[in-house]
Amino acid sequence: MYILDSNLNEEQKRAVYSDSRALLIVAGAGTGKTRVLTTRAARLIKENPDARYLLLTFTKKAAMEMTTRVRDLIREDTKNRLYSGTFHSFCSNIIRRHSERIGLTNDFVIIDESDSLDLMKKVFSRIYSKEKLDSLIFKPKDILSIYSYARNNNQDFIEIIQRKYKYVNFEDIKKIVNLYELSKRERNYLDFDDLLMYGLLSIKALEKSPFDEVLVDEFQDTNQIQAEMLYRFYYLGSRISAVGDDAQSIYSFRGAYYKNMFDFIKRLDAEKIILSSNYRSTQPILDIANSIIQSSYNSIKKELIANVKLKDNVKPKLVIVSDDWEEARYVAREMQKFNEKGLKVAALYRAAYIGRNLESQLNSMGIKYSFYGGQKLTESAHAKDFMSFLRVFVNPKDEIALIRILRMFPGIGEKKAEKIKNAVINGGNLKIALSKEKNLEELNLFFEKLFETTDWHDILELIFNFYKDIMIRLYPENYEEREADLIKFMDMSSNYDNLVDYLEAFTLNPVERVEFDNNNVILSTIHSAKGLEFDVVFLLSVIESVYPHFKAQSTDEIEEERRLFYVAITRAKQRLLFIFPRHSKKNRGYFAKNTISPFLREKDSYLDVSIVG
DNA sequence: GTTGGCGCGTTTTTT
DNA sequence: ACGCGCCAAC
């Protein structure tokens, strides 16, 4: 037995050294799941230097962090022994390698969610007349999200549609998805779901697993296609070890299926190890967390027990304030006090707009803070504009990108762009189609120059210079900041060997927007705070209609809200403060009376209540 | 018939 | 910060 980490407790050691072919590590919040997974990977590599391992995560950041930790443990490079990456990037890789076997070419372009939506809107306008479009009860976004859910979970799309919309024309809806599929195929696009589906197909085409073991992080967030990939690897000879916490499953609205944790045990007769020794929070914080998740109707039973012993072992506080502005003032003041003591303090909330009052309060007090979550830099309008030029260079028939470019020019709107695009797609060439438009002469000349250029770094340079002037016209208020972003993108190009890899990275490894002004005062949605921890946590607006959110209606949806509430609570290490504003200001200027979140009802014994203002 | 300006609302969003 | 709907202007 290699002593890679002598500080592991008994349950963690069992998880690190188990040799089961299928292993499920149920890791409650703060129980050291990353440590267990990385130590396990390190131990495997050490014991069998010739073996190869695959570590799958949901974010690039997690993959990189774990690789670093494994490398630090074994004090060697992990190259050729541990492949770690996101499900999507792993899929993209295996598809490019096996593309011809599954009927694809390896030069596909990965489109993100907003591209998918653009494409779906095009499909809608091709199928319905303008009047019909306005009267539809389902929107492109609705169809796309249901379709995506169905594909990711092996369910019949039409059946779900029928359940949700009783009186719609199902033939039309079949036509919509068929045309959506066809459009992708014709333009050589793969959307995020295609990556997973074709990834699974590629795995199915293997005769033997290239990996001795597949390790999986955040297993509760996998969908059924991702789980199927793991089962395939198992049947091809891999061991599988998965870490997850069903109580922290908060992404089912995007297709995550936490019941994979139960299925995994049943299907593979997996060994189950529960980690419940918590190294993050004080017992009073865990007590309320346990009591809230206990009422959950189906979860793997585990009671978190604190290992943290502080002299200052205070109960969570429920602070009652008069309204949401008072909430912002109170929290800003208190955050400042804790921050001055050197503590890391966060305000968490259900939806971005709830943090807005606090943000302006902190600004007016001159307190620096960092903002987690929100839109990625690579998803911003100017980033997508920039990328569109590259995409048209790679594939002149890339219609989403082409239309985006055309619409940057005055006098070119939806219809005209569509017309020009059709001329290009239907056999005609780009140059001829563009030469018919007076406002596009400049663009035509630019493309001519672009297509004569071979070095892709020169191409980036050309695009940058051409788009700069357009940007000044499109975004006169803040084009300087946007230009700085583009320079950042240009600099990133040195990390990639070719244009296709560079383009893929834009979609699969989006760049965060945030600059960290102060790592000790943090504003974040609960979703974006998952996996993080803070000395002090303020949970804003613990009112009914937010916890659970009023749009969550079914039992399953409300259970997910409960888990979200649980995730928020278990971020706190020392202090936890729930803020309840008795009134909230509504848009039209009146104050609405609030009731406290049902999740906090009858929890008085766990709380200290105080009234401020 | 189209384009483009303006005001409004906003659940969360790993890829 | 952005998409959407509405409406005036071309």
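Naming: A, B, ... by sequence-line order, numbering from 1 per chain.
Contact check, T525(A) against dT13(B): a side-chain N or O comes under 4.0 Å of OP1 or OP2. Look at K376(A) and you'll find a side-chain N or O under 4.0 angstrom from OP1 or OP2 of dT14(B). Close to dT13(B), at under 4.0 Å from its OP1 or OP2, lies a side-chain N or O of S528(A).
A62(A) comes within contact range of no nucleotide atom at all, as no heavy-atom separation falls under 4.0 Å. Contact annotation for R482(A): backbone-only contact, meaning every heavy-atom pair under 4.0 Å involves sugar-phosphate atoms and none involves a base. Contact annotation for K61(A): no contact, since no heavy-atom pair falls under 4.0 Å across all strands. Residue contacts for Y251(A): at a heavy-atom cut-off of 4.0 Å it reaches a base atom on one of the strands shown.
A distance cut-off of 5.5 Å between ring centres, combined with a plane angle under 30°, leaves H527(A) outside any stacking arrangement with the base of dT12(B). Stacking annotation: F253(A) is stacked on the base of dT12(B) (ring centroids less than 5.5 angstrom apart, interplanar angle below 30 degrees).
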What nitrogen or oxygen pairs link the protein and nucleotides 1-3 of chain B at under 3.5 Å?
| from | atom 1 | to | atom 2 | distance (Å) |
| --- | --- | --- | --- | --- |
| dT3(B) | OP1 | G413(A) | N | 2.9 |
| dT3(B) | OP1 | K416(A) | N | 3.1 |
| dT3(B) | OP2 | E414(A) | N | 3.0 |
| dT3(B) | OP2 | K415(A) | N | 3.1 |

Between protein and nucleic acid, restricted to nucleotides 4-10 of chain C and to nitrogen or oxygen atoms under 3.5 Å apart, what atom pairs and distances do you find?
| from | atom 1 | to | atom 2 | distance (Å) |
| --- | --- | --- | --- | --- |
| dC4(C) | OP1 | K121(A) | NZ | 3.2 |
| dC4(C) | OP2 | K121(A) | NZ | 3.1 |

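A centroid separation of less than 6.0 Å is found between the aromatic rings of F219(A) and F264(A). The distance between the ring centers of H527(A) and F253(A) falls below 6.0 angstrom. A ring-centre distance under 6.0 Å is not found for F108(A) and Y189(A). Aromatic rings from Y147(A) and F157(A) are positioned such that their centres are separated by under 6.0 Å. Ring-centre distance between Y467(A) and F386(A): not below the 6.0 Å cut-off.
Enclosure of atom CD in E418(A) by more than 12 non-hydrogen atoms of other residues, nucleotides or ligands within 6.0 angstrom is indicated.
Between the CD atom of E379(A) and the C1' atom of dT13(B) there is a distance of 9 Å, rounded to whole Å. Rounded to a whole Å, the CD atom of E359(A) is 11 Å from the P atom of dA1(C). Taking atom NZ on K141(A) and atom C1' on dT11(B), their separation rounds to 11 Å, with Å as the unit. For the pair F108(A) CZ and dT15(B) C1', the interatomic distance rounds to 14 Å; values are reported in whole Å. The nearest whole Å value for the distance from the CZ atom in F371(A) to the P atom in dA1(C) is 12 Å. Atoms CD (E113(A)) and P (dC2(C)) sit 17 Å apart, rounded to a whole Å. Distance, L523(A) CG to dT12(B) C1': 16 Å, rounded to whole Å. Distance, H88(A) NE2 to dT13(B) C1': 12 Å, rounded to whole Å.
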* **side chain to side chain donor-acceptor pair (under 3.5 Å) evaluation trace for E327(A) with S541(A)** => CA-CA 8 Å; E327(A) 170 179 71; S541(A) 291; 3.0 Å; yes
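Between D221(A) and K530(A), at least one side-chain N (NZ, or NE/NH1/NH2) sits under 4.0 Å from a carboxylate O, which counts as a salt bridge. In this structure, R391(A) pairs ionically with D115(A), as a charged nitrogen and a carboxylate oxygen lie closer than 4.0 Å.
Residues from residues 217-228 of chain A with heavy atoms under 4.0 angstrom of DNA chain B, sorted by number: D221(A).
Remark: K184(A) pairs with E181(A), D191(A), D194(A) by the salt bridge (charged side-chain N to carboxylate O under 4.0 Å, His left out) rule, at least two apart or across chains. In terms of the salt bridge (charged side-chain N to carboxylate O under 4.0 Å, His left out) criterion, K60(A) has no residue partners (sequence neighbours excluded). Scanning for salt bridge (charged side-chain N to carboxylate O under 4.0 Å, His left out) contacts around E483(A) gives an empty result, with sequence neighbours left out.
Between the side chain of R254(A) and the base of dT12(B), no donor-acceptor pair under 3.5 Å is found.
Counted by atom type alone, T86(A) and S89(A) present one or more donor-acceptor pairs between their side chains at under 3.5 Å.
Take the nearest nucleotide of DNA chain B for S89(A) and for R407(A): the residue whose nucleotide is more 5' is R407(A).
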